[in-house]
Amino acid sequence: LYTSERLLQSFLDCYKTWGGIDSPVIGIVDYEGLPTRHEFEIFRRFFNSRGYQCVVADPRRLDYDGEKLSFEGQTINLVYRRLLTTEFLERYESAKPVWEAYRDGKICMVNSFRAKYLHKKAIFALITDPVYQDGMSPEQLFAVYSHVPWTRRVADCKTTDIEGRSIDLLDWIRKNRRQLVMKPNDEYGGKGIFVGWELDEQQWDNAIQESLQSFYLVQTKVEVSREVYPTWDGTRVHWAEYSVDLDPFIFSGEVEGLLTRLSATALCNVTAGGGVVPTFVLD
């Protein structure tokens, strides 16, 4: 399954909706030195092969004169923002040209800063907690409880458990370690995650204390599919069982591809040891 063509078409649709009438110059914007840099270069070459100029730019090296956003003299009018909002804010003064151009409506940013809401893990706590479900239809509630694991913010408070019973959250977390995972609200790459079934009681208690010092979520364990796959060490083939993570790419409400990751551990993040593999549909 190839997704790059559909991604490009989505960019062009956004650009046209924004009001663009010419052929856009695409800027992939994120800090230099990140592991995802290789991915950006692949996209740059792909966009170029389809006739669209593209640059990969560190936001600290962008210029904005009140009318045009540019990188090394090249005007950019469509921004594919891979720059995380939190990391942008940490270096706001040196990275603000992209924000100013966005604020002034001089660029089409296909994933605006408003998209941040969908990248916060706390959204799962909001939609699975009955306190915040007023106004949700029966169909919406069915979708939530069918697909979203029970989630709460880690705090010294009362709430309801998976069965809807009233609980003291911290005490419940301590007693149900083997079925829970705690993760920071705004991180990526498997950073800061505490996997309950991989820790002993003391380690889990220490993790709870650490979680209380920051914005953490606690979530119920989800069974992940595990399948046997071959690997090659340069000499021979090895067969082993891996966790399989299939994440759909959705454009205009339709699944147009899959990000597939395999991992020998509980975490499938690439930076945590998982590996991205191609997806084939066998007919």
Side-chain angles (χ1 to χ4, degrees), residues 35 84 86-87 90 116-133 141 143-229 231 238-247 259-276:
L84 296 180
T86 47
E87 295 182 353
E90 290 170 356
K116 183 63 179 176
Y117 291 109
L118 296 180
H119 288 265
K120 294 276 192 177
K121 298 180 182 70
I123 194 170
F124 297 121
L126 287 174
I127 63 177
T128 60
D129 191 335
V131 172
Y132 305 109
Q133 290 177 340
L141 289 172
V144 166
Y145 288 116
S146 298
H147 300 288
V148 184
W150 176 96
T151 310
R152 296 290 188 271
R153 180 178 180 177
V154 178
D156 186 1
C157 66
K158 286 186 175 294
T159 185
T160 53
D161 66 8
I162 303 166
E163 304 298 329
R165 297 169 297 204
S166 178
I167 57 169
D168 291 309
L169 183 58
L170 293 185
D171 183 59
W172 190 86
I173 292 174
R174 289 189 177 94
K175 293 177 179 177
N176 291 274
R177 166 176 56 86
R178 292 181 177 85
Q179 300 300 320
L180 299 173
V181 60
M182 292 188 294
K183 55 185 71 173
N185 181 45
D186 196 24
E187 265 295 0
Y188 62 95
K191 299 175 185 174
I193 293 180
F194 301 113
V195 181
W197 56 95
E198 294 182 351
L199 304 177
D200 61 30
E201 289 186 8
Q202 184 59 55
Q203 291 171 324
W204 185 242
D205 196 61
N206 293 339
I208 293 173
Q209 297 307 313
E210 184 173 335
S211 298
L212 288 169
Q213 305 305 311
S214 184
F215 196 139
Y216 261 72
L217 284 304
V218 60
Q219 199 169 64
T220 51
K221 179 181 181 180
V222 175
E223 292 299 329
V224 177
S225 173
R226 292 185 67 84
E227 302 286 349
V228 175
Y229 285 89
T231 58
H238 299 269
W239 292 86
E241 190 177 70
Y242 293 88
S243 297
V244 184
D245 181 29
L246 299 175
D247 299 314
L259 168 66
T260 306
R261 297 178 290 191
L262 301 180
S263 176
T265 68
L267 299 179
C268 286
N269 308 79
V270 174
T271 48
V276 175

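From a predicted model like this one, the values you see are computed outputs, not experimental measurements. Values below: all heavy atoms of this structure, side chains included; hydrogens, waters and symmetry mates excluded.
- Atoms CG and CD1, on L212 and I173 in that order, are 7.5 Å from each other to the nearest 0.5 Å.
- Looking only at atom types and distance, the side chain of E210 has no donor-acceptor partner in the side chain of N206 under 3.5 Å away.
- Here the options are I167, L169, N176, the test is side chain to side chain contact (heavy atoms under 4.5 Å, CB included), and the partner is D161; only I167 passes.
- With a 4.5 Å cut-off on side-chain heavy atoms, V244 and L262 count as touching.
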Run Q203 and F194 through side-chain contact (heavy atoms from CB on, under 4.5 Å) and show every step you take.
CA-CA 9 Å; Q203 291 171 324; F194 301 113; over 6 Å; no
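- Scanning for side-chain hydrogen bond (donor to acceptor under 3.5 Å, both in side chains) contacts around K221 gives an empty result, with sequence neighbours left out.
- Taking all atoms of both residues into account, the shortest heavy-atom contact from V154 to S211 is CG1-CB, 4.0 Å.
- Here the rule is side chain to side chain contact (heavy atoms under 4.5 Å, CB included) with M182, and of I208, V195, L199 only I208 fits it.
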For a quick test of your reading: what N or O donor-acceptor pairs under 3.5 Å do the side chains of residues 143-150 make, sequence neighbours left out?
residue: Y145; atom: OH; partner: Q133; partner atom: OE1; Å: 3.1
residue: Y145; atom: OH; partner: Q133; partner atom: NE2; Å: 3.0
residue: S146; atom: OG; partner: F142; partner atom: O; Å: 2.6
residue: W150; atom: NE1; partner: T160; partner atom: O; Å: 3.1

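- Using a 4.0 Å cut-off between charged side-chain N and carboxylate O, D186 and K121 make no salt bridge.
- Counting heavy atoms of neighbouring residues, nucleotides and ligands inside a 6.0 Å radius, atom CG of D200 exceeds 12 of them.
- Scored by the side chain to side chain contact (heavy atoms under 4.5 Å, CB included) test, E201 finds R177 as partners (sequence neighbours excluded).
- Between K158 atom NZ and D171 atom CG the span is 9.5 Å, to the nearest 0.5 Å.
- With rounding to the nearest 0.5 angstrom, the CD atom of E223 is 10.0 Å from the OG atom of S243.
- Nearest heavy-atom pair across G192 and P184 is O-CD, 3.4 Å.
- Inter-residue side-chain proximity for L180 and T220 is flagged as met; some heavy-atom pair is nearer than 4.5 Å.
- The distance from atom CG of D168 to atom SG of C157, rounded to the nearest 0.5 Å, is 8.5 Å.
- The NZ atom of K120 sits 10.5 Å away from atom CG of L217, with the distance rounded to the nearest 0.5 Å.
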Take V276 and T260, measure what side-chain contact (heavy atoms from CB on, under 4.5 Å) needs, and give me the verdict at the end.
CA-CA 6 Å; V276 175; T260 306; over 6 Å; no
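- Residue-environment remark: NZ (K116) exceeds the threshold of 12 foreign heavy atoms within 6.0 Å.
- Look at R261 and D247 and you find a salt bridge, because one of the NZ, NE, NH1 or NH2 atoms lies within 4.0 Å of a carboxylate O, short of that distance.
- The environment of F124 atom CZ is sparse: at most 12 non-hydrogen atoms of other residues, nucleotides or ligands sit within 6.0 angstrom.
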Apply side-chain contact (heavy atoms from CB on, under 4.5 Å) to the pair Y242 and T231, showing each step before the final yes or no.
CA-CA 11 Å; Y242 293 88; T231 58; 3.1 Å; yes
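- We find the OG1-NZ distance between T151 and K183 to be 7.5 Å, quoted to the nearest 0.5 Å.
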Could you check V224 against D245 for side-chain contact (heavy atoms from CB on, under 4.5 Å), going step by step and ending with a plain yes or no?
CA-CA 7 Å; V224 177; D245 181 29; 5.6 Å; no
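- What you find for W204 and G196 is that their closest heavy atoms are CZ3-CA, 3.4 Å.
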